[in-house]
Trainee: 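Please find one structure pasted underneath; my questions will follow.
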Amino acid sequence: MPELPEVEVTRLSFADRIAGARILSVDMGKPLRWPLQCLPSSLVGRTVVAVRRRGKYLILDLSEGLLLVHLGMSGSVSFASHLPPAGVHDHFAMRTSQGQLRLNDPRRFGAVVYARGEDDPVAQKLLGKLGMEPLTDDFDLRLFHSGLKRRKSSIKQVLLAGDVVVGVGNIYASEALFHSGIRPTTRASSLSLARTRRLHQAIRSVLAQAVLAGGSTLRDFSDAQGAGGHFQLEVMVYGRAGQGCGVCKSTIRAIRQGQRSSFFCPVCQKA
DNA sequence: AGGGTGACCTGTCGGC
DNA sequence: TGCCGACAGGTCACCC
């Protein structure tokens, strides 16, 4: 479910409301991808100071330490003063003085991990190799170009890998490549500076537009207040195999790259 | 060091 | 209707 826009929309939907809240209790359901790394009860009494985002991670800054929250493929967060009783897929629940926070994640590829700080090895292992943030000044065109230059694999797979630029997942990689006129199979190292500039711009605009649209709700994504997104209505190629390109009417094609689907227009997107 | 592959887990959908 | 395989928004450990 969640790529950068969905994570950012989630963050925006509860960050202000949870800021300053004191933790009253923490309960874990079935195991998530990684263990919490601390006793749940040890978090009680701490305060949630702020909620930040790095790549696809939510970072809850506590009065002491931090919680890294990843939504995996199927995770979603809820935050409300009253929530219905926990269901089978609710695997992390935190009562606070300002409401209840809950992570629902059927596939359990998500995680909630405690770290003492960002230099804690636990945090470094998850955050240490992440690439540039696409929606900030951190996303430098020259660094992007040089990052792509040293990669032999396809541009689509380099985008997904997240060590050059973060946050671009399977939907937005296909979309950004469409908007920049680049085939997903094109070798990353072969992109000229001019084409890299177009891709750089497309990544920024597609992600920013998706945040404005509340993210993409393909099956079940919703933000922490239960609102779904509607960027799926603006999608040009993702999930549209066999349909007509919105620009040139050619038939959108689907291929597999690294066991993931890619979508592109064979006419609008050149190798 | 980079690239390719399997693994993690549950739900849904299409085809027979 | 039922069963079975394919696939789904992510990313890590493991092999060359």
Side-chain angles (χ1 to χ4, degrees), chain A residues 1-11 29-35 53-58 68-77 87-92 103-113 121-131 146-177 184-185 187-190 203 206-207 210-211 213-223 228-235 237-242 254-263:
Chain A
M1 147 196 301
E3 303 182 33
L4 182 150
E6 290 73 32
V7 177
E8 180 63 8
V9 164
T10 298
R11 187 186 75 80
K30 287 190 188 178
L32 291 163
R33 176 159 193 178
W34 297 296
R53 180 189 55 73
R54 174 75 175 104
K56 297 171 189 168
Y57 286 92
L58 289 170
L68 300 175
V69 178
H70 198 288
L71 303 182
M73 287 279 262
S74 58
S76 61
V77 161
V88 281
H89 298 310
D90 292 322
H91 302 304
F92 176 85
L103 173 66
N104 181 277
D105 186 1
R107 294 179 72 179
R108 291 190 281 128
F109 289 171
V112 181
V113 176
V122 173
Q124 272 306 303
K125 183 173 171 195
L126 301 182
L127 305 177
K129 300 199 135 177
L130 296 184
S146 61
L148 299 184
K149 268 279 172 258
R150 62 180 89 98
R151 295 303 203 90
K152 275 189 77 176
S153 41
S154 72
I155 182 59
K156 166 80 176 338
Q157 291 180 278
V158 172
L159 291 178
L160 288 191
D163 50 352
V164 178
V165 59
V166 291
V168 183
N170 213 34
I171 299 177
Y172 302 109
S174 279
E175 292 303 302
L177 288 167
T185 46
R187 254 186 204 242
S189 58
S190 76
I203 289 169
V206 163
L207 294 180
V211 171
S216 295
T217 299
L218 294 190
R219 26 190 341 134
D220 55 9
F221 168 74
S222 60
D223 70 20
H230 52 270
F231 186 81
Q232 69 277 9
L233 301 175
E234 301 178 36
V235 147
V237 290
Y238 182 84
R240 298 194 65 243
I255 56 172
R256 300 287 290 179
Q257 292 180 282
Q259 331 206 57
R260 318 284 315 267
S261 295
S262 298
F263 302 87

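To find a chain, count down the sequence lines: A is the first, B the second, and so on, and within it residues start at 1.
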Trainee: Determine the minimum heavy-atom distance between A:Y238 and A:N170, stating which atoms define it.
Mentor: CD1-O, 3.8 Å
Trainee: I want to verify a distance call: between B:dT10, C:dA13, C:dC12, whose nearest atom is closest to the A:K125 side chain?
Mentor: C:dA13
Trainee: The side chain of A:Q259 is closest to which nucleotide in this list: B:dT10, C:dA13, B:dG6?
Mentor: B:dG6
Trainee: By centroid distance (under 5.5 Å) and plane angle (under 30°), are A:F109 and B:dC8 in a stacked arrangement?
Mentor: yes
Trainee: Would you say a side-chain N or O of A:R260 is under 4.0 Å from OP1 or OP2 of C:dG10?
Mentor: yes
Trainee: Just to confirm, is there a sub-4.0 Å distance from OP1 or OP2 of C:dT11 to any side-chain nitrogen or oxygen of A:K129?
Mentor: no
Trainee: Got a donor-acceptor contact below 3.5 angstrom from the A:Q232 side chain to the A:T217 backbone?
Mentor: yes
Trainee: Does OP1 or OP2 of B:dG11 have a side-chain N or O of A:H89 closer than 4.0 Å?
Mentor: yes
Trainee: Given C:dA8, C:dT11, B:dG4, identify the nucleotide with an atom nearest to the side chain of A:H70.
Mentor: C:dT11
Trainee: So for A:E3 and C:dG10, does any side-chain atom that can act as donor or acceptor lie under 3.5 Å from a complementary atom in the base?
Mentor: no
Trainee: With sugar-phosphate meaning primed atoms plus P, OP1 and OP2, does A:Y238 contact a base, only sugar-phosphate, or nothing at under 4.0 Å between heavy atoms?
Mentor: sugar-phosphate
Trainee: Quick check for you: among C:dG10, C:dC7, B:dC9, whose closest atom lies nearest to any side-chain atom of A:R33?
Mentor: C:dG10
Trainee: Mind checking whether A:L130 and A:R54 have side chains closer than 4.5 Å, heavy atoms only?
Mentor: yes
Trainee: Does C:dT11 have OP1 or OP2 sitting under 4.0 Å from an N or O in the side chain of A:K56?
Mentor: yes
Trainee: If you compare all heavy atoms of A:H89 against all heavy atoms of A:H91, which two are closest, and at what distance to 0.1 Å?
Mentor: O-CD2, 3.2 Å
Trainee: Measuring from the side chain of A:W34 (C-beta onward, heavy atoms only), which nucleotide among C:dC12, B:dT10, C:dG10 has the closest atom?
Mentor: C:dC12
Trainee: Between which residue ranges does DNA chain C form stems of three or more consecutive Watson-Crick or G-U wobble pairs, both distances under 3.5 Å?
Mentor: B:2-8 with C:10-16, B:10-16 with C:2-8
Trainee: Where is the tightest heavy-atom contact between A:V237 and A:S174, given as atom of each residue plus distance?
Mentor: CG2-O, 3.6 Å
Trainee: Under 3.5 Å, which protein N or O atoms sit close to an N or O of nucleotides 12-15 of chain B? Give each pair with its distance.
Mentor:
| unit_1 | atom_1 | unit_2 | atom_2 | d |
| --- | --- | --- | --- | --- |
| B:dT12 | O4' | A:R219 | NH2 | 3.4 |

Trainee: Is it the case that the base of B:dC9 and the side chain of A:R108 share a donor-acceptor contact (distance under 3.5 Å, atom types as modelled)?
Mentor: no
Trainee: Between the side chains of A:R33 and A:D105, is the shortest nitrogen-to-carboxylate-oxygen separation below 4.0 Å, so that they form an ion pair?
Mentor: no
Trainee: Please pick, from C:dC7, B:dG4, C:dG10, the nucleotide with the shortest atom-to-atom distance to any side-chain atom of A:Q157.
Mentor: B:dG4
Trainee: Of the residues in residues 146-155 of chain A, which ones touch DNA chain B at a heavy-atom distance under 4.0 Å?
Mentor: A:R151, A:K152, A:S153
Trainee: For A:P106 and A:G258, find the nucleotide of DNA chain B closest to each by heavy atoms; which residue's nucleotide sits nearer the 5' end?
Mentor: A:G258
Trainee: So, does A:S261 get its side chain near the phosphate of C:dA8, meaning an N or O under 4.0 Å from OP1 or OP2?
Mentor: yes
